[in-house]
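Let me begin by presenting the structure, written as structure tokens, before commenting on it.
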Amino acid sequence: MTRHPSAFPLARARVRTLVAALLLVAAAQAQAAPDCPALLNSTQPRLQDEKPVDLCGYAGKVVLVVNTASYCGYTPQYQSLEALHARYSARGLVVLGFPSNDFSQEPGSSAEIAEFCENTFGVKFPMFAKSHVAPGKGGPVNPVFVALQQRSGQAPKWNFHKYLVGRSGDVVSSYASAVDPKDPAFIKDLEKLLKAN
């Protein structure tokens, strides 16, 4: 079947219109997506199955990063962290847990840690594979914690050290292990970051 020559310019015009529309949609999506702060520009293995998670997916949120352990006096803070996650996630908070055996209180495998967190405290916030979080503890420090330490001037001295990161990734506050996530001063700082654009 032979097409009439005048059909080709019409088809090309439709293709150009479609391509232009797709480019406009892509540009709008790129503008809508927040830039990824350098602090979140990494991929971390998920605790449950070690599937890679791009932390840039949390860009534009207030991020609470915590190094965790299953056999620590501060382990009950998992309950407070999960309560924060449930209460504030709709307002833009994400809690990220990073188990570590740097202080000899997280000897378990990823599967054991995941089971403990879920069954004991009902943890639903994102958790990542066990890694080093403090310098001088036997291996390279997770790049997330390197960036947090550079910005805050504080390295974890024990389990459940907390870093609160603003939506743009440039505000980083550091909190010692003894500061419970339900502490009124901590909640005040969190609320302030959640209200900021």
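In this structure the side chain of L84 never reaches within 4.5 angstrom of the side chain of F125, judged on heavy atoms. L81 places none of its side-chain heavy atoms less than 4.5 Å from the side chain of F121. Using a 4.5 Å cut-off on side-chain heavy atoms (C-beta onward), V123 and V95 make no contact. At a threshold of 4.5 Å between non-hydrogen side-chain atoms, the residues Y58 and P126 count as touching. Here the side chains of Q149 and V141 are in contact, with some heavy-atom distance below 4.5 Å.
A donor-acceptor distance shorter than 3.5 angstrom exists from the side chain of R167 to the backbone of L194, with no hydrogens or angles considered. For E106 (side chain) and S70 (main-chain N/O), a donor-acceptor pair under 3.5 Å exists by modelled atom type. No donor-acceptor pair under 3.5 Å is formed between the side chain of Q79 and the backbone N or O of P76. No donor-acceptor distance shorter than 3.5 angstrom exists from the side chain of Q77 to the backbone of P181, with no hydrogens or angles considered. Looking at N159, its side chain never comes within 3.5 Å of a backbone N or O of C72 through a donor-acceptor pair.
In terms of heavy-atom proximity, A176 sits nearest to K162 at O-NZ, 3.4 Å. For the residue pair Y78 and M127, the shortest heavy atom distance occurs at OH-CE, 3.5 Å. When all heavy atoms of P99 and F128 are compared, the closest pair comes out as CD-O, 2.9 Å. Heavy-atom minimum distance, A59 versus P37: CB-CD, 3.8 Å. In terms of heavy-atom proximity, R46 sits nearest to V53 at CB-CG2, 3.9 Å. Annotation for G139 and H132: closest pair CA-CD2, 3.6 Å, computed over non-hydrogen atoms.
Neither side chain, D183 nor Y175, offers a donor N or O lying under 3.5 Å from an acceptor on the other. Between the side chains of Q44 and N142, at least one donor-acceptor pair of N or O atoms lies under 3.5 Å. Defined by atom type and a distance below 3.5 Å, a donor-acceptor pair is missing between the side-chain atoms of S173 and D189. Between Y88 and E191, the side chains place a donor N or O and an acceptor N or O closer than 3.5 Å (distance only, hydrogens not considered). Side-chain contact check for H161 and N67: no donor-acceptor pair (N or O, by modelled atom type) lies under 3.5 Å.
Distance check: I187 CD1 to D180 CG gives 9.0 Å after rounding to the nearest 0.5 Å. One distance of note links NZ of K130 with CZ of F98; it measures 15.0 Å at 0.5 Å rounding. With rounding to the nearest 0.5 angstrom, the CD1 atom of I113 is 14.0 Å from the CD atom of E118. The distance from atom CD of Q154 to atom OH of Y163, rounded to the nearest 0.5 Å, is 7.0 Å. Within the model, atoms OG of S80 and OH of Y74 stand 13.0 Å from one another, a figure rounded to the nearest 0.5 Å. The structure places CZ of F116 at 6.5 Å from OH of Y71, a figure rounded to the nearest 0.5 Å.
Within 6.0 Å of CD on Q105 lie more than 12 heavy atoms contributed by other residues, nucleotides or ligands.
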One pair to check against side-chain contact (heavy atoms from CB on, under 4.5 Å): L148 and V133. What are the steps and the verdict?
CA-CA 10 Å; L148 289 166; V133 300; over 6 Å; no
